[in-house]
There are 2 protein chains.
Amino acid sequence: MQAQEGTLAKRDFCDETGTCHKISDMLSRIGDKWTVLIVSYLGERQMRFSELRNTIGNISQKMLTSTLRKLERDGFVTRTVTPSRPPRVDYALTELGRDLLVPVQALADWSVKNADRIEQARARFEQDRAG
Amino acid sequence: MQAQEGTLAKRDFCDETGTCHKISDMLSRIGDKWTVLIVSYLGERQMRFSELRNTIGNISQKMLTSTLRKLERDGFVTRTVTPSRPPRVDYALTELGRDLLVPVQALADWSVKNADRIEQARARFEQDRAG
DNA sequence: CAGTATCCCCTTGGATACTG
DNA sequence: CAGTATCCAAGGGGATACTG
C-alpha cells in the first residue's frame with residue numbers, strides 16, 4: 001500500500017495559494033476564549049447585549065464588545081440598534097454565521113467522540129514521564 | 001417555519017455535559033500559531049526535528065519543541081528517538097492524529113470556500129466605518 | 001443599556017545562549 | 001542534532017471608571 005487511503009496530504013489545506021494561511025487565520029479567529037460560545041448562543045436565537053452578558057455570566061464587557069465587533073466585521077453577526085431610552089442593541093447570526101456552525105459542529109462532534117482517547121493519551125504521557 | 005432546518009442549536013455542542021468546554025479546548029489547542037501547520041506536514045510523511053524546522057522555515061526551536069510535546073502528550077504524534085551520534089528524532093502522526101485531520105480539513109475547505117465572503121464583509125465594515 | 005477608556009496582569013512566542 | 005534555559009516584547013483579557 002503506497003498511498004494510505006485515509007491520509008490527507010499537506011497540500012489539501014496548506015498549498016502555496018495561501019490556503020494554509022486561511023485555515024490558520026480561521027482557527028485562531030474562532031479559537032479564542034469566547035467566539036464559539038457566543039456564536040453558539042446566537043445560533044439558538046437573536047439576543048441583546050446584556051442578555052448575552054448575563055447568559056454567559058463570566059465574560060467582561062470589554063471582551064463581549066470586542067468579540068461581537070470582530071464577528072460583525074467578518075460578517076458572522078448583524079448588529080441592530082434600536083434608538084430608544086435606554087438604547088437596545090440586538091445581535092443575530094447571519095447566513096454566513098449559521099454556515100460556519102456546520103464545520104464547527106463537525107469538529108465539536110469529533111472532540112466529544114475522541115475526548116477520552118486524548119485523555120488516555122495524556123494519562124499515558126504523565127505515566128511515562130513519572131516512571 | 002418554527003424551527004429553521006439549517007439552524008444548529010447551542011446545546012448541540014455547548015450543552016451542560018462539558019461539551020462546550022471540550023470544543024473550546026480543542027479549538028484553542030489547534031488554533032495556535034503552529035499546530036495545524038505541523039500536523040499538516042506530518043500528514044504527508046514522517047519527519048525529523050530539523051527537517052520540520054527547515055521546512056517550516058520561520059519557526060523557533062522553542063515553539064517547535066513545545067508544539068510537538070503537546071501533540072505527543074495528546075496522542076496526535078509519536079516521537080521516536082534513535083540513539084546515534086548525532087541523535088535522530090522522528091515525528092509521525094498517530095491514527096488519532098490522522099483522524100483529526102478530517103474535521104480540520106472540513107473547516108479548511110469551508111474557510112477557503114468562504115474566504116471572499118468574509119473579505120467582502122470586512123470591506124463593507126471598513127466602508128461603513130469610514131462613511 | 002450599551003458601550004468606551006484606562007490600567008494592569010499573564011500568557012504566547014521570538015531571540016539567544018548553552019548542553020548531552 | 002535535538003533539545004533546555006533564560007530573557008524580553010507584544011497582545012489577550014480582566015477590573016474598574018466613565019459616557020451618550
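Quick note on labels: first sequence line is chain A, next is B, and so on, each numbered from 1.
Distances shorter than 4.0 Å separate some side-chain N or O of A:Arg79 from OP1 or OP2 on C:dG3. Listed pair B:Arg53 / D:dC1 fails the phosphate criterion, with no side-chain N or O lying under 4.0 Å from OP1 or OP2. B:Ser50 has a side-chain polar atom (N or O) that falls below the 4.0 Å cut-off from OP1 or OP2 of D:dA2. Within the 4.0 Å cut-off from OP1 or OP2 of D:dC1, not a single side-chain nitrogen or oxygen of B:Tyr91 is found.
Defined by atom type and a distance below 3.5 Å, a donor-acceptor pair is missing between the side-chain atoms of A:Ser84 and A:Thr82.
Nearer to the 5' terminus of DNA chain D, by closest-nucleotide assignment, is the contact made by A:Asp32 (compared with the other of A:Pro87 and A:Asp32).
With salt bridges taken as basic N to acidic carboxylate O contacts below 4.0 Å, one links A:Arg45 and A:Glu51.
Judged by distance alone, with hydrogens and angles left aside, A:Lys62 brings a side-chain donor or acceptor within reach of the base of D:dG14, the pair sitting under 3.5 Å.
For B:Leu68 and D:dC1, the CG to P distance is 16 Å, given to the nearest whole Å. To the nearest angstrom, C1' of D:dG14 lies 11 Å from CG of A:Asn58. As a whole-Å value, the separation of A:Glu72 CD from C:dG3 C1' is 13 Å. A:Gln61 has its CD atom 15 Å from the P atom of D:dT19, to the nearest Å. Atom CZ in A:Arg85 sits about 11 Å away from atom P in D:dG20, given to the nearest Å. Nucleotide D:dT4 holds its P atom 8 Å from the CZ atom of B:Phe49, rounded to whole Å. Following rounding to the nearest Å, B:Met63 (CE) and D:dT4 (C1') show an atom-to-atom distance of 15 Å. In this entry the distance linking CZ of B:Arg88 with C1' of D:dG3 reads 16 Å, nearest Å.
Rounding to the nearest 0.5 Å places CG of B:Leu107 at 7.5 Å from CD1 of B:Ile30.
Residue contacts shown for A:Arg48 are limited to sugar-phosphate atoms, with no base heavy atom under 4.0 Å away.
Here the nucleotide nearest the side chain of A:Lys33, chosen from D:dT4, C:dG14, D:dG14, is D:dG14. The B:Arg69 side chain lies nearest to D:dG3 when the options are D:dG14, C:dA2, D:dG3.
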What verdict does the side-chain hydrogen bond (donor to acceptor under 3.5 Å, both in side chains) test give for B:Asp116 and B:Gln120, after you've listed the backbone C-alpha separation in whole Å, the side-chain angles of each residue and the deciding distance to 0.1 Å?
CA-CA 6 Å; B:Asp116 47 349; B:Gln120 283 164 23; 4.6 Å; no
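With both pairing distances under 3.5 Å, C:dG20 is matched to D:dC1 as a Watson-Crick or G-U wobble pair. Pairing for C:dT12 is with D:dA9, a Watson-Crick or G-U wobble pair whose two hydrogen-bonding atom distances lie under 3.5 Å.
Residues B:Phe13 and A:Val36 have side chains in contact (heavy-atom distance under 4.5 Å, counting atoms from C-beta outward).
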